Amino acid sequence: MGRFFTALGEKLLSFFQSVGEMLQLLAATILWCRVVFKSLDKVLPQMGKIGADTLPIATLTAVFVGFVLALQTGIALKQFGQEENIGAVVSLSMARELGPVLTAILVIGRIGAAITAEIATMSVSEEIDALKTLGINPVRFLVMPRFLACITMLPVLVIYVDIIGMVGGAAVSKAYFGVPIGVYADNVADYLEFEDIAKGLVKSVVFGVIIAIVSCHRGLVTVGGPGEVGQATTNSVVFSFVSVYVSNYFVTRLWLE
Amino acid sequence: MAGINQGVISNNKAIEIYQLHKWFRDNHVLRGLDLTIQAGTATAIVGGSGTGKSVLLKHMVGLLKPDAGSILVFGQEITNTSGRKLEDIRRRFAMVFQGSALLNSLTIEENVGLGLVEQRRLIRQQIEEVVREKLTLVGLRGKEKQLPGELSGGMKKRVAIARALAMDPEIILFDEPTTGLDPVMAEHIDTLIADLKNKLRKTAIIVTHDMDSAFRIADHICMIYEGRIIEEGTPAEFRNSQNPIVEQFISRFKRQGAVKAP
Ligand SMILES: Nc1ncnc2c1ncn2[C@@H]1O[C@H](COP(=O)(O)OP(=O)(O)O)[C@@H](O)[C@H]1O
Ligand SMILES: [Mg+2]
């Protein structure tokens, strides 16, 4: 029992230490953003990579989530003869919650994991040390471009996912519940406000910050051999997931107050 | 031992290390190590594997922080410096890592030119010229566009040497520069290192397993054992050392060398 609490204590300590280091890394990264225009040759490829790597899976995910959302709400609303309101439910759910959160999950799995694996590999093969001895700051060289790419690409992806999800919802509404596309679209237009989308986008920027900083930090602190890279990547993905869920709750609550 | 010689060579100290201690958890790697490196000399650091030679080099450039002790670079304490100041000190160094540490996503020429490109002091043509010159020096002209993954371990080592030379630093740290090279190439690299000192007046610190190469290029040889320097001196002094551990190290190397020879 005593050993259990010691282990728990150590875990908690290392957790808070990690969070502290991540905040420091965030501050350093933001400071380095001042040289963004000299580093476009590193930022733009990262943005392109995020887009190319996540677009196919984002499309699939969004379509099917749109389908199932429309299906479930359609079944419920049909009992009250309210099928024409499917559009409102689907669009609000996508814009406020599902769009940002689903996109964050995709990006964590597809991009965050890759960032940690790449940087962890560089750490254990002394490439980060080599950068330092060449007078190159790893935060400027590696973290800042990935950070900027994440915080700019996430909102773009979220808008895309929102739209595809709503389109998927429209398709199911029409196919299963006979709601004409025009009715669905009018319903969306009546209920979905710019603010809903904007709040989702703000969330996505927060998630972008979290994913970039967590993924880079986990990679940078990896020590040991190539065997540590897998462990670092798993840790990074779990850490990002939890941070996204927790911050999602708090950001949402912030708006209610 | 080395006392007389040090005065003769120069009074200019490039690196001074006093009572350096380093633990990794409960692994006490460096245990009160003292070492002085004279500017403009070539110093070989020898010792068994896992004795902390690489760890020692990393302390010199501030990649690792000691748990106790002090390190002076050209008279300036570096153990408690960080940020801009540490970067300024690092600019006086280049390091060839034991595992080469090339950036795997960049081509050979991008690797060699990386430090210069990021410094933004030279224009592209100048950097390309430096890269070509250094790659020629290590016998790798024509490999510019290849990726590190396409090269053998020995070739990567030579790229790492070219990358270090491209920065034109005052002090160059070589961590086992000739391990994995064939004897001809190893001798060529030895000559290169000797030239750095003799022609360009650079300070070279070479960690090596190869006693032949240490005897050939070093002005000063130090042996690290159980976290301290247990013997140091000129190659002649080192060869005649009465210290049993040193004698054993040298004779074991000779035996291995004899076995390897055809
Ligand atoms: N970053 C590190 N973390 C933990 N232990 C390390 C680290 N670097 C080196 N060590 C340990 O320090 C000792 C000396 O390593 P090293 O300096 O690489 O030896 P060598 O003399 O062969 O270069 C070894 O026991 C090694 O396991
Ligand atoms: Mg070593």
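In what follows, chains carry the letters A, B, and so on, assigned in the order in which the sequence lines appear, proteins first and then strands, with residues in each chain numbered from 1. For clarity, every value in this text was computed on a predicted model and none was experimentally measured.
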Side-chain donor-acceptor pair under 3.5 Å between A:Asn137 and B:Glu118, yes or no? no
Counting only non-hydrogen atoms closer than 4.5 Å, does A:Leu131 touch chain B with its backbone (N, CA, C, O), its side chain (CB onward), both, or neither? side chain
Where along residues 91-104 of chain B does a heavy atom come under 4.5 Å of chain A, listed by residue number? B:Phe93, B:Met95, B:Phe97, B:Gln98, B:Gly99, B:Ala101, B:Leu102, B:Leu103, B:Asn104
Would you mind checking if B:Glu109 and B:Lys145 are paired as a salt bridge, meaning a charged N to carboxylate O distance below 4.0 Å? yes
With a 4.5 angstrom heavy-atom cut-off, which part of B:Leu63 approaches chain A: side chain, backbone, both or neither? side chain
Taking the basic N atoms (NZ, or NE/NH1/NH2) and the acidic carboxylate oxygens, is any pair closer than 4.0 Å for A:Arg218 and A:Glu21? no
Is any NZ, NE, NH1 or NH2 atom of the basic residue among B:Asp175 and B:Lys58 found under 4.0 Å from an Asp or Glu carboxylate oxygen of the other? no
Would you indicate whether A:Leu55, at its atom CG, is surrounded by more than 12 heavy atoms from other residues, nucleotides or ligands within a distance under 6.0 Å? yes
For chain B, which candidate among A:Gly135, A:Ser125, A:Ala130 shows the most heavy-atom pairs at distances under 4.5 Å? A:Ala130
Strictly below 4.0 Å, N to O, side chains only: are B:Glu150 and B:Lys156 in salt-bridge contact? no
Between B:Lys134 and B:Glu129, is there a salt bridge with N-O shorter than 4.0 Å? no
